[in-house]
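What follows is a set of notes on a single structure, which appears directly below.
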Number of protein chains: 2
Amino acid sequence: MASAMEPSRKERERLQHRQEILSAALQLFAEKGFHNVSMQEIATAAQFATGTLYNFFPSKEDLFFELLVATADAGLDLILPVLEGTDDERDKLSLFIRSHERFAREQAVALRLYLLESRGWCLPGPKVEAKKKEIDARVTSRLSNVIAAGIRKGLFNDIDPVVAAKCLSAVLESLILVAAEDPQVVDLPANLEKVEAVFFRGLVNSSGDKRDA
Amino acid sequence: MASAMEPSRKERERLQHRQEILSAALQLFAEKGFHNVSMQEIATAAQFATGTLYNFFPSKEDLFFELLVATADAGLDLILPVLEGTDDERDKLSLFIRSHERFAREQAVALRLYLLESRGWCLPGPKVEAKKKEIDARVTSRLSNVIAAGIRKGLFNDIDPVVAAKCLSAVLESLILVAAEDPQVVDLPANLEKVEAVFFRGLVNSSGDKRDA
DNA sequence: GGTTATTGTGAATATGGATTCATATTATGA
DNA sequence: TCATAATATGAATCCATATTCACAATAACC
């Protein structure tokens, strides 16, 4: 048996199979939603037998939850980092908004999974509920911190940062969701710019004076 | 048999029964979502036998669809009228935003039904899809017309009216949905005011000059 | 009261799909 | 090559629930 260092070929293969199942499931869930995809379907798509799925995941719901967590975390890792650093808060927000384009492009499928299920009401389970709230809290908190900092520096108008943060993320989510439905039709970058315009002419203090902190 | 004028008692009773079924179903669907409510449950709640439901509605999906249409239309009738008239566009938008409080209060249940299902992905059926788009189009079109008018009059900054409209409705939907989940915790009127602040400082031309059309 | 039409009933049926498990296949190590 | 363990298989099981339908209750009309 291999040491703990190097995963044996067998272990790697197992992981690989696991990934293949997850990947097939992701495609299907994102396209049709939890309730409209059967384990049969997933198995067929992943080129396994039905029973095999249960060697990897105790239930359909667990399989789904694992996907949800993975995709949500990956998404956040793509979006949240631009809010770090000590840059100008306007730049951060602008970057944040624009980063949703890459997000939508690179993770269209994962995104659909996350947004569609997290907004709707298809799943029971306190696990999902909890995860959803955790994600929401993470985004809102980072975003509102940035906005609050901007307000302190006099870059932004004095507006409730939490409400502003929620507004912004609601808008971005809805925009991205529409864009994910038919990417050809929607010009996401252009729309993101327009959203930025809407919010910035609201948030940015129009008289050019800065107090600076 | 009664004339076409006066619905007979029998007819009225039948309508009444129908309403009772619809009402029970609304409560349940709004609370648990389409897939997590059984016809048994609805029948029990409405104090009928399972089979009786099928004397009124050909299928579970039809029952649901009927509710969706009814509640959506009622909601729109509550919200859209404030956008009519020749008032000041700022007032109209302000009223529009504030009218969501009444909406949330008076139609909390219907609202949950509509928002939860329309955002998620629980239902198949092109009928539902179509209705959803129709509703969305109605709201966006009225709203963006008002914004465009405001822009022409110099009341608002020159921002893409359609995008602005979509932003606003996305924000209001999300706010209302959260408020519907636990009405005690969320101070909806206060939040609506804050949303108004966010949007208005963005939309309202901060230099006080009006061009007027 | 008896006859017929309408409406309600709920057990029985049908279906879809998640989960299980006895078996087959494949890998591992001697 | 054989014995054993690990995986994979997919038909069979089980369950939930939408839908049906033969029958019962009720109302309408004579």
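Note: hydrogens, waters and symmetry copies are ignored here, and every other heavy atom, side chains too, is used. Sequence lines set the chain letters: A, B, ... in the order given, protein chains first and strands last, and positions in each chain run from 1.
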Judged by atom type as modelled, is there a donor-acceptor pair below 3.5 Å linking the side chain of Asp62(B) to the main-chain atoms of Pro58(B)?
-> no

Are any side-chain N or O atoms of Lys60(A) and backbone N or O atoms of Val37(A), one a donor and one an acceptor, separated by less than 3.5 Å?
-> yes

What is the distance from [atom1] of [X] to [atom2] of [N], rounded to the nearest Å?
{"X": "Ile21(B)", "N": "dT7(C)", "atom1": "CD1", "atom2": "P", "answer": "13 Å"}
{"X": "Phe64(A)", "N": "dA18(C)", "atom1": "CZ", "atom2": "C1'", "answer": "16 Å"}
{"X": "Glu11(B)", "N": "dA27(D)", "atom1": "CD", "atom2": "P", "answer": "17 Å"}
{"X": "Glu20(B)", "N": "dT7(C)", "atom1": "CD", "atom2": "C1'", "answer": "14 Å"}

Stepwise side-chain hydrogen bond (donor to acceptor under 3.5 Å, both in side chains) test for Ser94(A) and Arg98(A) | CA-CA 6 Å; Ser94(A) 176; Arg98(A) 282 151 208 268; 3.0 Å; yes

Identify, with sequence neighbours excluded, every residue that meets ring-ring contact (aromatic ring centres under 6.0 Å, His included) alongside Phe96(B).
-> His100(B)

Under 4.0 Å protein heavy-atom contact, by nucleotide of nucleotides 6-25 of chain D - B base, S sugar-phosphate only | SSBBB------SSBB-----

Could you give the side-chain donor-acceptor pairs of residues 63-85 of chain A under 3.5 Å, partners two or more places apart or in another chain?
from     : atom 1 : to        : atom 2 : distance (Å)
Glu66(A) : OE1    : Arg18(A)  : NH2    : 3.1
Glu66(A) : OE2    : Arg18(A)  : NH2    : 2.0
Thr71(A) : OG1    : Leu67(A)  : O      : 2.9
Thr71(A) : OG1    : Leu68(A)  : O      : 3.1
Asp73(A) : OD1    : Lys131(A) : NZ     : 3.4
Glu84(A) : OE2    : Arg142(A) : NH1    : 2.2

Parallel, tilted or perpendicular for His17(B) and Phe56(B), by the 30°/60° rule?
-> perpendicular

